[in-house]
Amino acid sequence: MDLDIAIDAREKVRNPTIKLNKKLAIAIGTLTKSEKKPFDELVSQEPTNKLIAVHFGVGDQDDYNTICNFVKQFGQNKVMIYPVRNYAFIEFQNIQQSLQLIQSLQIFENIKYASLKYPNKERATMFFYTNQQELNGGGMCDIPNAMRQVNIPGLYLIHDFITPEYEKYIMDLIDKQEWSKLKQRRVQHYGYEFIYGDNTVNVNKPADKIIPDFLEDVRSKVSDLIKPQAEINQLTINEYLPGMGIPPHFDVHPPFHEKFVSISLLSGLVMTFKSFKGEEQHLYLPPRSCALFTGEVRFAWFHSIASRKIDKVEGETHFRSRRLSLTFRTIRNDLKCDCQYKFFCESQGYNPQTMKNKNPLLQEYLAKLNQIGIQQDNKVVPNKTQEEIQLLQDQQQQLLQIPKATEVEKKYVYEIYEKIAPHFSSTRYKPWPKIEQFLKSLEPGSLVADVGCGNGKYLGSNPDIEMIGTDRSENLLKICKEKSDAYQVFSADSLRLPLKSEMFDAVISIAVIHHFSNKILRQQAIRELLRICKSKGLILIYVWAMEQEEKTFNEQDVFVPWNLQFKYEDEKVINQEVQQQFKIDDQKKTVVYKRYYHVFKQGEIEELLSEMPGFKIVNNYYDHANWVVVLQKD
Ligand SMILES: O=C(O)CCC(=O)C(=O)O
Ligand SMILES: [Fe+2]
């Protein structure tokens, strides 16, 4: 078969199939090269039940799905894709099926292949019969297998840092802003202009554009995360279409404070990290996650994104789609970095130029590291006291643990409230006097958050204050809205409230903290209450007491039954799902659901709080079988 297609430009204009032939030649070139076999050996002149699809067009997942759906029409088959090489191996059960596929396409008699064109795309896939039992895919192993978790000193990945709703909200607005075009990508800069090539900023020249207001929530959340570092004041937004990447680099030291973060929007992809010792690790950054760079990874590791359309994540092929990243940094006006990684630090004698020429000092440094071992070197931290180190480590530990609700909260709290909401609400209409009293004691005009507002029974307690309510249960929120149009409520996770810090004059948390099944979660929920409260603001917390007359508890972690009357339950549910999962009490005509509680012993909430900074306890008492504390933020 003659594939040496030399095309005369004029001929190409006259004969449109030649354009296709040129593409074919390129595709076949890739196939033969990576399979290391001549084309004649790879393809069969006679119909077989196996096909090779070349230029498979897995540019993105859409193409992949298109082709799989197309192939499926002709019968059961096995499709092996080799996305790196843009071809695939398809095996049908019989020849009839592959024959039908080929016949459904445009057939080019002279070289016996069939071509599937994509609507609206300058792209086609060609199919050939083959006798091969399999293809080797040209070594799919070219793509490193990335992990969802890695162990890189100073690097933290926080999942679900923002919600899908917030992501959508900011995406729409980001797309309305002006983009600057780089050779590879499009970018937006705020606060300070980034100088590529040197990977730095001009600290004396703030950009005209400051970080937009619509990003304030995420900016302040990042500022909290990096405390005690100064507030975030620079933002770079990078846009990566499939196939785009960023070469290996690290941020120069002097113009930026230590910590910075990169938040991924829309699509995940793999970031590659390379240490100064040559060690390489690959981490998958999922959408809406936040990667926090501190210490060694920030000062002395290269990070990069390979220019690919697909990644391999724990063995699975992951198709990239459009991704935006928000890189938030703090500018350092004094330009004096005093990190311990002085061989990479421009403030301490490092010169990127000499580094490129294999800086002899660096060679010496690496030799020394090899001698004493990196472990020991890590322990030597100039300019910081032991106490400071401990403090930083504690803080990083804490960051690592920005915790997520477990299955217990999902299955035995959240899902149950969803089910029992109307019935629950019908039994919870009377506000408790002491809580009303607290709300009525607030200054007129106060802004108050009711975190875990349930059916909203306190939202109208004091008409002179402004209240917002959050809850995880959509069905309870529905009830709030039915009660009054004026109620401002929305769904939120109490462990990570989508609310700006220091915003509220007071915060209440009624019967919420006891639904978290471990101490870390209970503390995180309280930390969030503290975070959104203004300095000197009050926080009222109610939790179920173990010591109560209404119920006897033999232990602290309990599942408390809720007898849901049949009239509140969907018939269908009673018959099917519930019968398998939940107990039905035929006599009482109820379905028995169980809610998880951690009931608090006397003094326990105070003990939990004693491990947390930033407030004092101004009151504590017992009310309606609950232990109660009132905190005042420092
Ligand atoms: O896209 C990212 O996550 C990283 C961007 C980055 O490394 C940079 O802007 O310096
Ligand atoms: Fe970077």
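Start at 1 and go down the list; that is how both ligands and their atoms are numbered.
No N or O atom of Thr236 sits closer than 3.5 Å to an N or O atom of ligand 1.
In this structure, Ile305 counts as a contact residue of ligand 1, since one of its heavy atoms falls inside 4.0 Å of the ligand.
Interface of Arg323 with ligand 1, defined as ligand atoms under 4.0 Å from a residue heavy atom, comprises 1 (O), 2 (C), 3 (O). Residue contact check: Ile246 has heavy atoms under 4.0 Å from atoms 6 (C), 7 (O), 8 (C) of ligand 1. Heavy-atom contacts of Thr327 reach the following atoms of ligand 1: 5 (C), 9 (O) (cutoff under 4.0 Å). The ligand atoms of ligand 1 that sit less than 4.0 angstrom from a heavy atom of Tyr240 are 1 (O), 2 (C), 4 (C), 5 (C). Every atom of ligand 1 with a heavy atom of Ser325 under 4.0 Å away is listed here by number and element: 1 (O), 2 (C), 3 (O).
The closest donor-acceptor contact from the side chain of Glu418 to the backbone of Glu474 lies under 3.5 Å. Although no hydrogens or angles enter the test, the distance criterion places a donor-acceptor pair under 3.5 Å between the side chain of Tyr166 and the main chain of Val218. One N or O on the side chain of Glu409 and one on the backbone of Ser517 form a donor-acceptor pair closer than 3.5 Å. Listed for the Thr330 side chain is a donor-acceptor partner under 3.5 Å among the backbone atoms of Ala230.
Nearest protein neighbour of atom 8 (C) of ligand 1, counting heavy atoms only, is Arg329 NH2, 3.6 Å. Residue, atom and distance of the protein heavy atom nearest to atom 9 (O) of ligand 1 are Asn238 ND2, 3.1 Å. Distance from atom 4 (C) of ligand 1 to its nearest protein heavy atom, with residue and atom name: Met271 CE, 3.6 Å. Among protein heavy atoms, atom 7 (O) of ligand 1 sits closest to His303 NE2, 2.9 Å. In terms of protein heavy-atom proximity, atom 3 (O) of ligand 1 is closest to Ser262 OG, 2.6 Å.
Here His189 has no heavy atoms under 4.0 Å from ligand 1, in either its backbone or its side chain.
Side chains of Gln234 and Thr236: a donor on one and an acceptor on the other come within 3.5 Å. Side-chain contact annotation: His282 with Thr272, donor-acceptor N/O pair under 3.5 Å present.
Ring pair His303/Phe260 is tilted by interplanar angle, where 30° to 60° counts as tilted.
Side-chain contact between Tyr192 and Phe256 is absent, with no heavy atoms from C-beta onward closer than 4.5 Å. With contacts defined as side-chain heavy-atom distances shorter than 4.5 Å, the pair Glu239/Trp179 qualifies.
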